[in-house]
Amino acid sequence: MLILGTLAVSTWLGCSSGPAYPTPVYDACFTVDNCVETASLCEELSVDFGGFTYSNAICTLTCETEGPVSPDCPRAYVGLFGSCYPSSVAGGIDDAAICFEPCYVDLDCQLGFRCLGAEGLCGADPDCPVDDKVAICVPGP
């Protein structure tokens, strides 16, 4: 009976549900209509990894200050501002600079994405625009 009373009081006080987190800017999408208002693009990306090609689209926006932790990009769940790189580093169709979700491990990324750094994205290419000390979420298993 005490449990039912506690549940009733907590529901009455508005404690029945967990915290409401907004939909992330860096969520997967089919069209830009699936994205939050702050995202202006649903960018299709395609990455080769482990002998397979993984494709997915991500809600994002364009940016001007290229590099990791760009002030032009919204924060991700890991607490960092996004990274601004040409979409082509992750198989985008052009070199337009877009915001990528920063990550430390695969679990930091949305479902359908994985965490890759410069080596995983560019191999030994010395002209890779991705900073070698950061990683971004890209399509993956």
* Closest contact, heavy atoms only, Thr38 versus Leu61 -> O-CD2, 3.9 Å
* Asked: Under 4.5 Å between any side-chain heavy atoms of Val134 and Tyr104, yes or no?
  -> no
* Any Lys133 side-chain heavy atom under 4.5 Å of Pro68 side chain -> no
* Answer yes or no: are there more than 12 heavy-atom neighbours, outside Glu66 itself, under 6.0 Å from its atom CD? => yes
* Structure fact -> Shortest non-hydrogen pair, Glu101 vs Ala76, comes out as CG-CB, 3.7 Å
* Do Asp131 and Tyr85 touch side chain to side chain, with heavy atoms closer than 4.5 Å? -> yes
* Sole candidate of Cys59, Cys137, Pro74 that passes side chain to side chain contact (heavy atoms under 4.5 Å, CB included) when paired with Tyr26 -> Pro74
* Would you call Phe100 and Val89 a side-chain contact if the rule is heavy atoms closer than 4.5 Å? -> yes
* Just by modelled atom types, is the Thr65 backbone N or O under 3.5 Å from a matching donor or acceptor in the Ser70 side chain? -> yes
* SG of Cys99 to SG of Cys73, below 2.5 Å? -> yes
* Asked: CD1/Ile58 to CD/Glu43 distance, rounded to the nearest 0.5 angstrom?
  -> 9.5 Å
* Could you tell me which non-hydrogen atom of Ser55 sits nearest to which non-hydrogen atom of Glu44, and how far apart they are? => CB-OE2, 3.8 Å
* Asked: Do Phe52 and Leu116 belong to the same hydrophobic cluster, where Ile, Leu, Val, Met, Phe, Trp and Tyr are linked whenever their side-chain heavy atoms lie under 4.5 Å apart, directly or via other members?
  -> yes
* **Validation row: Pro71, Phe81 side chains within 4.5 angstrom (heavy atoms)** => no
* Structure fact -> What one should report as the nearest heavy-atom pair of Ile98 and Ser87 is CD1-CB, 3.8 Å
* To do: Please test Leu45 against Val138 for side chain to side chain contact (heavy atoms under 4.5 Å, CB included), starting from the C-alpha separation and ending with a verdict.
  => CA-CA 7 Å; Leu45 303 172; Val138 297; 5.5 Å; no
* Would Val69 and Ser83 count as a side chain to side chain contact (heavy atoms under 4.5 Å, CB included) if you check the C-alpha gap in whole Å, the side-chain angles of each, and the deciding distance to 0.1 Å? -> CA-CA 5 Å; Val69 193; Ser83 297; 5.6 Å; no
* **Cys29 and Cys35, any side-chain heavy atoms less than 4.5 Å apart** => yes
* Should the SG of Cys128 and the SG of Cys122 be checked, would they turn out to be under 2.5 Å apart? -> yes
* Please examine the side chains of Leu121 and Ile136, heavy atoms only from C-beta on, and report whether any two atoms are closer than 4.5 Å. => yes
* To do: Given side chain to side chain contact (heavy atoms under 4.5 Å, CB included), test Phe113 with Asn56 step by step and report yes or no.
  => CA-CA 8 Å; Phe113 293 86; Asn56 210 335; 3.5 Å; yes
* **Modelled atom types, side-chain donor and acceptor of Ser88 and Asp94, under 3.5 Å** => no
* Any donor-acceptor pair under 3.5 Å linking the side chain of Asp106 with the backbone of Cys115? -> yes
* Out of curiosity, Glu119 CD to Asp132 CG, how far, rounded to the nearest 0.5 Å? -> 10.0 Å
* Asked: Is there side-chain contact between Thr53 and Val47, with at least one heavy-atom pair below 4.5 Å?
  -> no
